[in-house]
Number of protein chains: 2
Amino acid sequence: AARAVDAVKTYGEGDAAVHALAGVTVEFPTNRFTAIMGPSGSGKSTLMQCVAGLDRLSSGLAYIGDTELGGLNKTQLTLLRRDRLGFIFQQYNLIPTLTAQENILLPLTLAGEDPDRQWFDTIVSTVRLTDRLGNLPSQLSGGQQQRVAVARALVPRPDIIFADEPTGALDSQTGIEILSFMRRAVDEAGQTIVMVTHDPHAASYADNVLFLADGQIIDSMPDPTT
Amino acid sequence: AARAVDAVKTYGEGDAAVHALAGVTVEFPTNRFTAIMGPSGSGKSTLMQCVAGLDRLSSGLAYIGDTELGGLNKTQLTLLRRDRLGFIFQQYNLIPTLTAQENILLPLTLAGEDPDRQWFDTIVSTVRLTDRLGNLPSQLSGGQQQRVAVARALVPRPDIIFADEPTGALDSQTGIEILSFMRRAVDEAGQTIVMVTHDPHAASYADNVLFLADGQIIDSMPDPTT
Ligand SMILES: Nc1ncnc2c1ncn2[C@@H]1O[C@H](COP(=O)(O)OP(=O)(O)OP(=O)(O)O)[C@@H](O)[C@H]1O
Ligand SMILES: Nc1ncnc2c1ncn2[C@@H]1O[C@H](COP(=O)(O)OP(=O)(O)OP(=O)(O)O)[C@@H](O)[C@H]1O
Ligand SMILES: [Mg+2]
Ligand SMILES: [Mg+2]
């Protein structure tokens, strides 16, 4: 579904250079749930953002399907992301002036499409926000804001969902419900999910876990159990 | 060190009212490490913010030492927080235009005080930011930003540190180092810490764990072990 070939991302120059990605070649298979773990600062968010077309590599290639992202201009990248990808950001990135419902529906609104009403209700009840849809982000707890971000990525049923620590602010029960839902979406609804997490329990829902350190893949573990 | 008596915080009115705190009476003992756990939306951040003077209760009393916060005006609250409290926010709340070092030193700068140079170096090396002090928040990973927020609260050695999920974005190794440091600060440096967490492993560093649900304390567990 997505892959990186010799991906390099460097910030700064000379002695101050930060090698966020130091040569990453990795495949995120279609209809699979892939987890990425690694120390803080090891390049997980950078890898996700470069493969999802939110950032440019310094060198190397990033693919969504057969499309090489380096060959797209900004407008083409925006359209590809809008039509094919869902993203759960580490910092949520909710629009402060829109309600929870408006934030959740924003990708479809921008694409000019109508939501599947039943699917919307299913997801809103899974993330337990049914009675908070009219609130602004500032009126929601940290975990409630994260759940809005999760719902926003799930509702359009994109080809690939990139989730950057989607359960970090949630108590274990809520986290389990969301991870189980994502597992079912892969098993029953053809979803492809790539998830960054620090939580080994969350990683246990994946089909494969990749381990990143200092901008490189150092290990992988198929069929993880906690 | 701090306490709440019949604390009530209600948002909205009538059927739409949200009872964030529904009558909380709790003590956070001096020179102890108290953890607060509970489901997403149960009132943890609200309790911390009201006891730390960052928000007003709808009814009931909040104390820092013998000072009842409802009797203070905005200026007095600001000075009390500045001089006596440290806060690690769930969303970090870093100043985007200041470097990591400037963000960490901001409370002391605002108080017109000089940092203890050795203590600063100790904390910066504990949170492993020694070579990133010159970067802006936008140039740091999610976990690195959280570590800036942690360091900022620890450097002034305030009377009480209120930490809202201080290790949520960190890999387990980094989280362990920060929690061990906080434990030592309580055991060896007279620190008082109140920490909200979703992570039972983090809570195991505390002397007592309080459980919140639907705006009320429902249980407490002294000397927790994982
Ligand atoms: N301005 C507001 N208007 C309406 N409801 C609010 C407002 N601020 C907070 N709330 C609600 O108060 C309740 C408690 O919020 P709080 O942030 O204390 O929860 P929490 O326990 O910290 O949750 P989390 O674990 O998700 O961070 C939540 O239901 C939240 O939506
Ligand atoms: N604009 C930038 N300038 C300099 N360095 C940067 C910039 N953006 C990111 N970095 C650095 O790149 C490295 C990888 O960052 P990344 O956000 O991918 O880490 P991460 O694995 O997601 O960490 P975390 O678990 O803390 O979220 C980090 O050391 C980070 O500080
Ligand atoms: Mg990250
Ligand atoms: Mg909270």
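In the text below, chain A, chain B and the rest are named by the order of the sequence lines, each starting its count at 1.
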With a sphere of 6.0 Å drawn around CG of B/Asp214, does it hold more than 12 non-hydrogen atoms of other residues, nucleotides or ligands?
no

If you tally heavy-atom pairs under 4.5 Å between each of B/Ser45, B/Gly168, B/Ala16, B/Pro39 and chain A, the highest tally belongs to B/Pro39

Between A/Asp171 and B/His198, is there a donor-acceptor pair closer than 3.5 Å when you use the side chain of the first and the backbone of the second?
no

Hey, which of A/Gln139, A/Arg147, A/Met37 has the most heavy atom pairs under 4.5 Å with chain B?
A/Arg147

For the student: nearest non-hydrogen atoms of A/Ser40 and B/Ser141, plus distance
OG-OG, 3.8 Å

Where on B/Arg132 is there a heavy atom nearer than 4.5 Å to chain A: the side chain, the backbone, both, or neither?
side chain

Heavy-atom pairs under 4.5 Å with chain B - which of A/Thr174, A/Val18, A/Leu170 has more of them than the others?
A/Leu170

Taking side chain as everything from C-beta outward and backbone as N, CA, C, O, which of these in B/Glu165 sits under 4.5 Å from a heavy atom of chain A? Side chain, backbone, both or neither.
side chain

Between A/Ala169, A/Gly43, A/Gly38, A/Gly175, which has the largest tally of heavy atom pairs under 4.5 Å with chain B?
A/Ala169

